[in-house]
Chemist: 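Handing you this structure, nothing more for now.
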Amino acid sequence: MSFQKNLSFRWALPLGAAWMTFVVPGAYAQTGKNEAKAEPDVLVFTDGEKLLGHLIRSTGDKVTFKSDMAGEVTVEWKKVQELHTSQRFAVIGKNVKLQHREEDGIPMGTIAMKDQKIEVSPGGGRPPQTVPVGDAANVIDEPAFQKALHRPGFFDDWKGAFTGGASLVEATQDSTTLTGSVALVRAVPTEGWIEPSNRTLVDFSVSYGKVTQPITPTLKTSILHADAERDEYFTSRVYGFGQLAYDHNFSQGLDLQQAYGGGVGWTVIKTASETLDVKASLDYVSQRFQESASNQNLIGSTIAERYNRMLPHGILFTEQLAANPAWNNSRAYSAVGTAGLTLPVYKRLSLAVNSADTFLNDPPPGFKKNSFQFTTGVTYTLR
């Protein structure tokens with residue numbers, strides 16, 4: 001059904017055998033009752049069962065179809081006898097490595113599958129193209145295909161989560177604890193069937209606590225971390241990166257640590273449910289402590305790994321470990337490790353359980369080398 005902007009109506013006074021008709025600009029009327037409705041896509045199984053609805057996608061040897069009656073169904077291509085669509089799709093071959101704005105040679109049009117061969121009809125008098133089912137890595141609807149080829153603006157396509165937690169105690173001792181974190185990632189492109197171009201990661205976390213008691217010095221905890229990384233891919237798995245990080249840890253006497261560097265990374269594992277990255281870099285580090293005599297400037301490296309795993313029931317496990325040796329002062333090495341679980345609760349809200357351990361081998365006198373945090377909070381996921 002569509003709407004047109006000018007509404008015609010009949011005035012109450014007849015003029016002869018006809019009616020006077022006035023058009024009111026800006027009003028709306030429903031039209032198109034006789035317009036042709038888009039035909040549904042048709043999927044026929046090898047046993048003759050037929051589904052009406054629309055094709056969603058195909059990935060590898062599986063095809064996903066949304067039936068008007070049965071809902072979303074995912075089956076193997078070998079169980080499909082025929083498939084006909086009225087909408088346009090792009091068929092991407094297994095050996096095709098797409099970059100942004102590269103669509104030449106990709107068959108696009110309505111598709112008909114029979115005898116395990118996909119026939120793509122582009123229309124406009126152009127001849128159809130045939131692709132064997134076994135050679136088709138992905139079948140994507142044309143609007144989604146065109147969107148994926150478009151390079152987004154800097155503020156588009158960010159994914160990530162915001163986490164916050166707090167506790168308050170008022171008694172003989174008054175204590176307040178606040179924790180929060182932001183983790184954002186922007187991968188270009190967002191689709192896995194296009195060769196990766198770049199990736200931007202931004203992380204921020206803060207933990208603040210205060211305990212007060214009459215005639216007793218106030219105890220304070222203040223830990224802050226922020227970092228950003230930009231990856232530029234050489235291949236689908238290997239990339240160069242630049243990074244920066246800022247740290248403040250009152251519990252270790254560290255006023256501010258600044259780190260700037262760059263290096264090379266490798267995505268060792270990359271599946272729909274699991275990723276593992278390892279990387280190494282050369283860094284400049286500036287450390288400023290509460291006792292200025294401990295201040296130092298370091299030339300060092302970062303050797304790190306980052307692992308993400310999607311567990312059953314939508315539970316996400318994340319883990320990172322980084323070691324930071326210093327080449328101009330062998331005693332000034334450091335390390336950090338984090339691990340966390342995100343458990344879905346309701347829609348985009350989840351329960352987050354995280355731990356972090358920061359190690360400084362040479363803190364000022366009177367401070368411990370280790371700083372351990374265990375936090376819980378509520379997480380809101382962007383997408």
Side-chain angles (χ1 to χ4, degrees), residues 163 165 177-183 201-211 219-229 241-263 265 276-309 317-341 352-377:
T163 303
T177 303
L178 302 172
T179 61
S181 67
V182 178
L201 302 100
V202 177
D203 292 291
F204 173 81
S205 63
V206 60
S207 179
Y208 177 82
K210 185 171 65 173
V211 178
L219 300 177
K220 185 177 77 170
T221 299
S222 178
I223 302 173
L224 183 148
H225 172 80
D227 69 68
E229 177 181 325
F241 67 89
Q243 64 182 5
L244 56 85
Y246 301 96
D247 286 278
H248 165 76
N249 194 326
F250 182 82
S251 302
Q252 291 181 301
L254 180 65
D255 276 342
L256 179 63
Q257 175 176 285
Q258 305 175 63
Y260 307 92
L276 172 64
D277 283 67
V278 295
K279 60 183 183 178
S281 66
L282 183 66
D283 307 315
Y284 163 75
V285 180
S286 172
Q287 292 181 334
R288 296 294 178 264
F289 293 91
Q290 294 174 19
E291 295 184 6
S292 59
S294 301
N295 294 346
Q296 56 187 332
N297 296 310
L298 305 171
I299 301 297
S301 292
T302 297
I303 302 169
E305 58 86 18
R306 178 175 58 237
Y307 179 73
N308 295 339
R309 171 76 180 189
F317 171 72
T318 60
E319 177 267 336
Q320 297 184 58
L321 180 64
N324 307 100
W327 306 121
N328 61 331
N329 183 354
S330 60
R331 289 183 51 82
Y333 57 88
S334 61
V336 61
T338 65
L341 286 173
V353 181
N354 297 291
S355 63
D357 193 315
T358 302
F359 176 83
L360 282 177
N361 187 58
D362 61 341
F367 290 91
K368 295 182 65 174
K369 295 182 177 183
N370 271 87
S371 172
F372 178 78
Q373 302 175 71
F374 179 83
T375 60
T376 60

Chemist: With sequence neighbours excluded, what pairs up with Tyr208 under the side-chain hydrogen bond (donor to acceptor under 3.5 Å, both in side chains) test?
Modeler: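 Once residues adjacent in sequence are excluded, Tyr208 has no partner under the side-chain hydrogen bond (donor to acceptor under 3.5 Å, both in side chains) criterion.
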
Chemist: Just verifying a value: how many Å separate Ser355 OG and Glu319 CD, rounded to the nearest 0.5 Å?
Modeler: 9.5 Å

Chemist: Kindly determine whether Asn370 and Asp357 satisfy side chain to side chain contact (heavy atoms under 4.5 Å, CB included), including the steps that lead there.
Modeler: CA-CA 7 Å; Asn370 271 87; Asp357 193 315; 2.6 Å; yes

Chemist: How would you list all residue pairs meeting salt bridge (Lys or Arg N to Asp or Glu O under 4.0 Å) that involve residues 282-293, not counting sequence neighbours?
Modeler: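 As it turns out, there is no salt bridge (Lys or Arg N to Asp or Glu O under 4.0 Å) pair with a partner in residues 282-293 once direct neighbours are skipped.
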
Chemist: Working to the nearest 0.5 angstrom, can you tell me the gap between Ser334 OG and Asn361 CG?
Modeler: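 Rounded to the nearest 0.5 Å, the OG-CG separation comes out at 9.0 Å.
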
Chemist: Quick one: pull up OG1 in Thr221 and CG in Leu178 and give me the separation to the nearest 0.5 Å.
Modeler: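 Going from OG1 on Thr221 over to CG on Leu178, the span is 11.5 Å.
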
Chemist: Hey, is the main chain of Lys369 close enough, under 3.5 Å, to the side chain of Gln252 for a donor-acceptor pair?
Modeler: yes

Chemist: Assess, by modelled atom type and distance only, whether the side chains of Thr302 and Asn324 contain a donor and an acceptor separated by less than 3.5 Å.
Modeler: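 Thr302 vs Asn324: donor-acceptor pair found between side chains.
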
Chemist: Within the side chain of Asp362, is there an N or O that forms a donor-acceptor pair under 3.5 Å with the backbone of Ser294?
Modeler: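 No: the side chain of Asp362 does not pair with the backbone of Ser294.
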
Chemist: Are side-chain N/O atoms of Gln243 and Ser281 paired as donor and acceptor at under 3.5 Å?
Modeler: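 Present: a donor and an acceptor within the cut-off.
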
Chemist: Go through Leu298 and Gln296 one step at a time and tell me if the side chain to side chain contact (heavy atoms under 4.5 Å, CB included) criterion holds.
Modeler: CA-CA 6 Å; Leu298 305 171; Gln296 56 187 332; 3.5 Å; yes

Chemist: Where does the angle between the aromatic ring planes of Tyr284 and Tyr260 fall among parallel (under 30°), tilted (30 to 60°) and perpendicular (over 60°)?
Modeler: parallel

Chemist: Output, in order, the C-alpha distance, side-chain angles, deciding distance and verdict of side chain to side chain contact (heavy atoms under 4.5 Å, CB included) for Leu360 and Phe289.
Modeler: CA-CA 12 Å; Leu360 282 177; Phe289 293 91; 4.3 Å; yes

Chemist: Testing the basics here: between Trp327 and Ser301, what is the closest heavy-atom pair and its distance to 0.1 Å?
Modeler: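 That would be NE1-OG, 2.9 Å.
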
Chemist: Rounded to the nearest 0.5 Å, what separation is found between the CD atom of Gln258 and the CG atom of Leu244?
Modeler: 9.5 Å

Chemist: Between Ala245 and Asp227, which heavy-atom pair has the shortest distance, and what is it?
Modeler: CB-CB, 3.9 Å

Chemist: Measuring from atom CD1 of Ile223 to atom CZ of Phe250, what distance do you get when rounded to the nearest 0.5 angstrom?
Modeler: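 Reported to 0.5 Å precision, the distance equals 11.0 Å.
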
Chemist: Going by atom types alone, do Glu305 and Tyr307 pair a side-chain donor with an acceptor below 3.5 Å?
Modeler: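 No, no side-chain donor-acceptor pair sits under 3.5 Å.
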
Chemist: Working to the nearest 0.5 Å, report the span between NE2 of His248 and CG of Asp255.
Modeler: 6.5 Å

Chemist: Using side chain to side chain contact (heavy atoms under 4.5 Å, CB included), reason through Asn354 and Phe374 one step at a time and then give a plain yes or no.
Modeler: CA-CA 6 Å; Asn354 297 291; Phe374 179 83; over 6 Å; no

Chemist: Check whether Asp277 reaches the backbone of Arg306 with its side chain - one donor and one acceptor, N or O, closer than 3.5 Å.
Modeler: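 Not confirmed, Asp277 side chain does not pair with Arg306 backbone.
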
